[in-house]
Chemist: 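Sharing a structure below in structure tokens format, with a few things to ask.
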Amino acid sequence: MSDQSSNDQPVSSETPEYRYTSVMAGDIETRWQEYWDAEGTFATPNPAGSLADPTAVAARGEKLFVLDMFPYPSGAGLHVGHPLGYIGTDVYSRFQRMSGRNVLYTMGFDAFGLPAEQYAVQTGQHPAITTNANIANMRRQLRRLGLSHDPRRSISTTDPEYYRWTQWIFSQIFNSWYDRDQARARPISELEDLYAAGARPTPGGRAWSALSRIEQRQIIDDHRLAYLSEAPVNWCPGLGTVVANEEVTADGRSDRGNYPVFKRRMRQWMMRITSYADRLIDDLDLLEWSPAIISMQRNWIGRSHGANVHFDSPAGPITVFTTRPDTLFGASFMVLAPEHPLVDAVTTSDQAAAVATYRSEAGAKKDVDRQDATRTKTGVSTGSFATNPVTGTEIPIWIADYVLMGYGTGAIMAVPCGDQRDFEFARMFDLPIPAIQNPPAEWFAEHGIEPSLDTAAWPEAYVGNAPYVNSSNSSVDLNTISDVAEGVSKMTAWLEANSHGNGTITYKLRDWLFSRQRYWGEPFPIVYDSDGIAHVIPAEMLPVALPETDSFAPRTFAADDEFSDPESPLDRLTDWVEVELDLGDGLQTYRRDTNVMPQWAGSCWYELRYLDPHNDQVFVDPEVERYWMGPRTDQRPDHPGGVDLYVGGVEHAVLHLLYARFWHKVLYDLGHLSSKEPYTRLFNQGYILADAYTDERGMYVEATEVASTPDGFVHDGQPVTREWGKMGKSLKNAVSPDEMYEAYGADTLRLYEMAMGPLDASRPWETRDVVGMYRFLQRLWRNMVDESTGAVTVVDAPADPNTRQLLHRTIDAVRTEMDALRFNTAIAKLIELNNHVTRLNATCREVAEPMVLMLAPLVPHVAEELWQRLGHTETITYEAFPNADPALLVDDTVEYPVQINGKVRSRVTVSAEADAAAVEAATLADPRVIEVLDGASIRKVIVVPGRMVNIVL
RNA sequence: GCCCCGGUGGCCCAACUGGCAGAGGCAGCGGUCUCAAACACCGUACGGUGUGGGUUCGAAUCCCACCCGGGGCACCA
């Protein structure tokens with residue numbers, strides 16, 4: 001807290017007693033916050049269930065669900081950057097309530113996760129205690145901001161009554177499989193029925209009844225949407241847990257904590273999100289999201305259409321994936337990933353030593369190093385050859401680390417003339433580069449070489465459309481065409497007809513690694529029997545409560561100890577791990593799963609629980625879900641349903657938004673939801689940035705203690721460097737909302753945050769600018785209340801025509817701007833109106849009341865106070881937002897700027913009804929125009945009705 | 001390297017999507033109040049829109065090339 005702040009306004013004895021000061025603002029604000037709580041002003045009615053009030057639902061109007069990305073309750077508390085989006089959604093929600101909508105708006109807490117657990121490890125205090133304290137502090141800070149949340153609907157993911165349903169949803173996913181034919185998830189029991197009835201062949205071809213119980217379970221388990229898998233995962237010894245692909249940064253470190261991450265094969269829970277890859281891409285078309293987020297999701301899922309092609313080799317057929325089967329005639333060698341399972345089988349004895357060396361070198365490299373595209377290509381020959389199925393040529397098989405085991409089939413056909421990577425590799429190892437396309441003349445010209453099919457002269461591979469050459473055999477001929485798409489489809493057909501391959505689709509998206517070896521998360525509702533078979537805990541036995549312990553830390557290791565093994569804190573709780581249950585086969589001893597879910601689990605469905613937070617029968621009443629989130633086919637036929645407006649930062653573009661969409665779709669498939677998508681419209685708010693300063697050692701110094709001098713910035717007598725960054729504790733540049741409440745009040749803070757720019761733009765925080773909004777509220781107050789007596793000075797006389805017209809234009813503009821989330825321009829219009837009123841002798845009620853109503857969404861406390869002083873007894877929350885009189889929006893006359901050759905030379909005023917000819921006549925009769933023209937001949941007169949006139953000479 | 005955003009008075013930002021560059025706020029300057037100041041109030045000046053071309057009667061807005069800032073992706077076959 002800064003005590004030398006220049007913003008504190010000492011209220012001296014000369015300050016008028018009834019001036020709108022920070023002290024008065026604080027008094028008004030806390031008073032109305034208490035009123036709202038006591039009256040339950042923001043309680044939102046449901047059509048059914050525990051919050052049902054059908055009469056109120058009917059009275060409030062059409063539904064609107066406004067949602068913020070819910071926060072992690074940090075121990076550091078809020079800074080003024082955090083609530084930017086919350087203020088935006090609050091203003092919007094309040095505006096919509098006044099526009100006749102039944103608005104659902106609340107806030108919960110995403111409270112499982114690492115920080116609370118790490119704090120617990122340090123202090124020995126149970127994370128539930130810190131978490132609850134942090135939530136309480138955050139609730140206090142948010143309440144002081146005047147957010148119009150329905151407090152009855154708030155939830156925390158750590159609440160057993162909440163995670164009971166997170167576990168229930170997990171068990172739904174566990175008990176489902178994806179039916180490719182129907183393109184949807186179905187209950188696992190239906191798969192069992194299909195096998196039992198013989199309608200679906202078993203993998204081994206044996207009759208279902210001939211299989212043992214364990215064999216049957218293995219087949220079933222292989223189809224579950226949540227499954228255990230022995231697979232390469234991201235092991236992070238520094239965190240003592242595995243993490244998901246999405247949680248690994250591009251340079252191969254954990255996004256939390258920045259520790260090295262290693263690929264290891266381990267037995268872990270996975271979610272079969274890849275089954276939904278197509279729908280997750282295709283349904284993006286139904287959403288109103290920014291192009292940036294849509295492309296990030298598309299990119300992450302990474303769908304590529306292509307073909308699998310089978311090449312014969314000494315070790316049997318090797319399948320490669322290619323997006324360019326049309327270039328098969330140019331495939332002059334093959335490359336396998338070093339980890340490819342057939343490497344040993346194809347390696348000749350001569351090459352065995354070299355291959356073994358290369359593989360161990362590749363294995364020792366981190367993924368980061370392997371994926372550095374600027375690195376020169378390395379690789380080694382296996383010594384054996386595969387047969388190109390289209391040419392019959394024997395082509396050498398190499399291994400190289402530029403081919404990744406995790407994508408496609410882990411093997412490629414190399415077409416060096418048409419792929420830059422293959423081209424570089426061929427040049428490096430003197431492999432043949434046959435030309436199969438004739439690049440256009442411009443391409444050769446660009447590279448300063450003569451057109452030639454001798455690739456020895458080519459500086460790089462040619463990628464794109466061009467006529468094919470050398471691309472025919474006895475049964476297929478591409479040489480007559482020059483279009484890649486046509487070539488691809490022709491070759492794919494040939495591959496399929498000749499059993500050399502088939503058209504296929506691959507994805508970058510991998511299945512979601514879902515287990516973590518931590519304490520502070522949702523336990524899995526899973527136990528294992530003596531055969532090691534997983535059983536789900538029945539719904540009526542949920543929640544599986546997180547067991548008490550005082551040892552929260554997973555076993556962590558040196559951050560680079562790649563070959564350590566995870567050990568969950570729950571593993572140590574042997575009394576809890578061993579459990580006697582009756583799961584239908586009588587009382588038996590089971591062993592509990594000791595993993596917990598990742599933090600994303602709780603945020604995959606929280607918006608659904610807001611709808612029906614107290615329901616102990618189902619996670620959400622279907623009728624309530626249909627009301628708030630059902631598809632609005634009345635708006636457009638392909639409306640997917642979901643939240644009407646979701647506001648949050650872009651940092652969740654891939655993780656949260658992908659996972660939540662996936663869970664939502666599973667629940668939709670299983671018939672629990674009417675909406676296909678959770679978030680119809682997504683709006684990404686910007687960040688509040690702030691100056692940060694580093695000293696000569698590069699350490700951040702307290703930003704509030706830095707002074708600006710002619711020689712630069714100085715801290716404690718030492719020069720410092722100004723940097724730019726997101727506001728936060730780590731950059732030592734955080735400003736707390738509590739400081740702002742103290743100096744100006746919450747209404748001023750709200751107004752400033754909304755006025756400083758568009759909601760989706762990032763902008764720098766300037767504490768010294770805040771006073772502008774404070775002055776505005778003081779002028780507003782002074783226009784209606786006598787500063788020395790406190791008496792209301794608003795008069796009942798009618799407003800003059802000018803004022804009335806300005807009022808109605810303001811109403812018209814503010815409505816439009818608020819509806820479009822452009823609060824900065826709405827505020828500018830309101831300040832303009834208020835500045836106009838300031839110049840009048842007295843404020844008319846005719847202006848005062850609509851002005852207070854228009855300001856109510858932005859500055860609800862002072863608006864409530866003025867509304868009450870103007871003689872009203874009800875809260876302003878549900879008063880109708882003013883409507884502009886259309887008659888007052890049009891002028892009787894229009895002033896036209898007159899341009900001569902594009903420069904403004906004069907102005908003429910004509911009747912608003914005047915047609916183009918009349919405007920032209922009036923213009924040419926204008927003395928100033930005649931003077932400037934000075935008899936020059938006119939080529940053309942352009943009249944844009946209502947806008948301007950341009951005379952062209 | 002590729003893909004998105006964005007560059008407008010000293011600063012944060014408007015400009016009806018091609019029609020008078022300026023709405024609003026901060027800072028500045030001049031004044032009122034004051035013994036003086038702070039607070040508050042009144043009044044003012046300020047740039048031609050990152051750069052260079054093009055289209056047009058007319059460009060901040062559309063097109064091309066480039067520069068700068070922010071974000072995302074990156075050996076994905």
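Only heavy atoms go into these numbers, but all of them, side chains included; no hydrogens, no water, no symmetry mates. Each chain gets a letter, A, B and so on, in the order its sequence line appears, and its residues count up from 1.
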Chemist: For A:R510, what residues pass the salt bridge (charged side-chain N to carboxylate O under 4.0 Å, His left out) criterion, not counting sequence neighbours?
Modeler: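 With sequence neighbours excluded, A:R510 shows a salt bridge (charged side-chain N to carboxylate O under 4.0 Å, His left out) to no residue whatsoever.
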
Chemist: When the distance from CZ of A:F425 to C1' of B:rA77 is rounded to whole Å, what number comes out?
Modeler: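 Computing the A:F425:CZ to B:rA77:C1' distance gives 14 Å.
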
Chemist: Restricting to side chain to side chain contact (heavy atoms under 4.5 Å, CB included), what partner residues turn up for A:I938, sequence neighbours left out?
Modeler: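 Checked A:I938 against side chain to side chain contact (heavy atoms under 4.5 Å, CB included); matches are A:L924, A:L933, A:V941, A:I951, A:L953.
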
Chemist: Run the side-chain hydrogen bond (donor to acceptor under 3.5 Å, both in side chains) test against A:Q899 and tell me which residues pass, sequence neighbours left out.
Modeler: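 Scan of A:Q899 (side-chain hydrogen bond (donor to acceptor under 3.5 Å, both in side chains), adjacent residues dropped) gives none.
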
Chemist: What pairs with A:F425 under ring pair (Phe, Tyr, Trp, His ring centres under 6.0 Å), at least two apart in sequence or on another chain?
Modeler: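 Applying ring pair (Phe, Tyr, Trp, His ring centres under 6.0 Å) to A:F425 gives A:F333, A:W398, A:Y402, A:F429.
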
Chemist: How does protein contact run along nucleotides 55-64 of chain B, one letter per nucleotide 5' to 3', with B for base contact, S for sugar-phosphate only, - for none, heavy atoms under 4.0 Å?
Modeler: --B-------

Chemist: Can you list, by residue number, the residues of residues 409-419 of chain A that have a non-hydrogen atom closer than 4.0 angstrom to RNA chain B?
Modeler: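 Only A:I412 qualify.
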
Chemist: Got a list of side-chain donor-acceptor pairs under 3.5 Å for residues 301-310 of chain A, not counting sequence neighbours?
Modeler:
| unit_1 | atom_1 | unit_2 | atom_2 | d |
| --- | --- | --- | --- | --- |
| A:R303 | NH1 | A:D278 | OD1 | 2.5 |
| A:R303 | NH1 | A:D282 | OD1 | 3.4 |
| A:R303 | NH2 | A:D282 | OD1 | 2.9 |
| A:S304 | OG | A:Y407 | OH | 3.1 |
| A:H310 | ND1 | A:T319 | OG1 | 2.9 |

Chemist: State which residues pass side chain to side chain contact (heavy atoms under 4.5 Å, CB included) with A:R839; sequence neighbours excluded, sorted by chain then number.
Modeler: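 Expected list: A:N835, A:H836.
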
Chemist: B:rC41 pairs with which nucleotide, Watson-Crick or G-U wobble, both distances below 3.5 Å?
Modeler: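 Checking every strand shown, B:rC41 finds its partner in B:rG31, with both distances under 3.5 Å.
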
Chemist: Does A:T506 make a side-chain N or O approach to OP1 or OP2 of B:rA77 shorter than 4.0 Å?
Modeler: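 So the side chain of A:T506 is outside the cut-off, no N or O lying under 4.0 Å from OP1 or OP2 of B:rA77.
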
Chemist: Can you tabulate the close N/O pairs, meaning under 3.5 Å, that link protein atoms to atoms of nucleotides 4-10 of chain B?
Modeler:
none

Chemist: With sequence neighbours excluded, what pairs up with A:A386 under the side chain to side chain contact (heavy atoms under 4.5 Å, CB included) test?
Modeler: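 A:A386 satisfies side chain to side chain contact (heavy atoms under 4.5 Å, CB included) with A:F311, A:S313, A:M334, A:I395, A:I397 only.
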
Chemist: Using heavy atoms and a sub-4.0 Å distance, could you list which residues of residues 819-834 of chain A are near RNA chain B? By number, please.
Modeler: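 Within residues 819-834 of chain A, the residues near RNA chain B are A:N824, A:T825, A:A828, A:I831, A:E832.
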
Chemist: Closer than 4.0 Å, any side-chain N/O of A:R779 to the OP1 or OP2 of B:rA40?
Modeler: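 False: A:R779 side-chain N/O out of range (4.0 Å or more) of B:rA40 OP1/OP2.
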
Chemist: Under the side chain to side chain contact (heavy atoms under 4.5 Å, CB included) test, which residues partner A:D747, sequence neighbours left out?
Modeler: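 Listed in chain order: A:Y20, A:E29, A:R750, A:L777, A:V859, A:P860, A:H861, A:V862.
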
Chemist: Check the phosphate of B:rC42 against A:R839, side-chain N and O only, distance under 4.0 Å to OP1 or OP2. Yes or no?
Modeler: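 False: A:R839 side-chain N/O out of range (4.0 Å or more) of B:rC42 OP1/OP2.
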
Chemist: Say we look at B:rU55 and B:rC3: how far apart would their C1' atoms be, to the nearest angstrom?
Modeler: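 Taking atom C1' in both B:rU55 and B:rC3, they lie 27 Å apart.
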
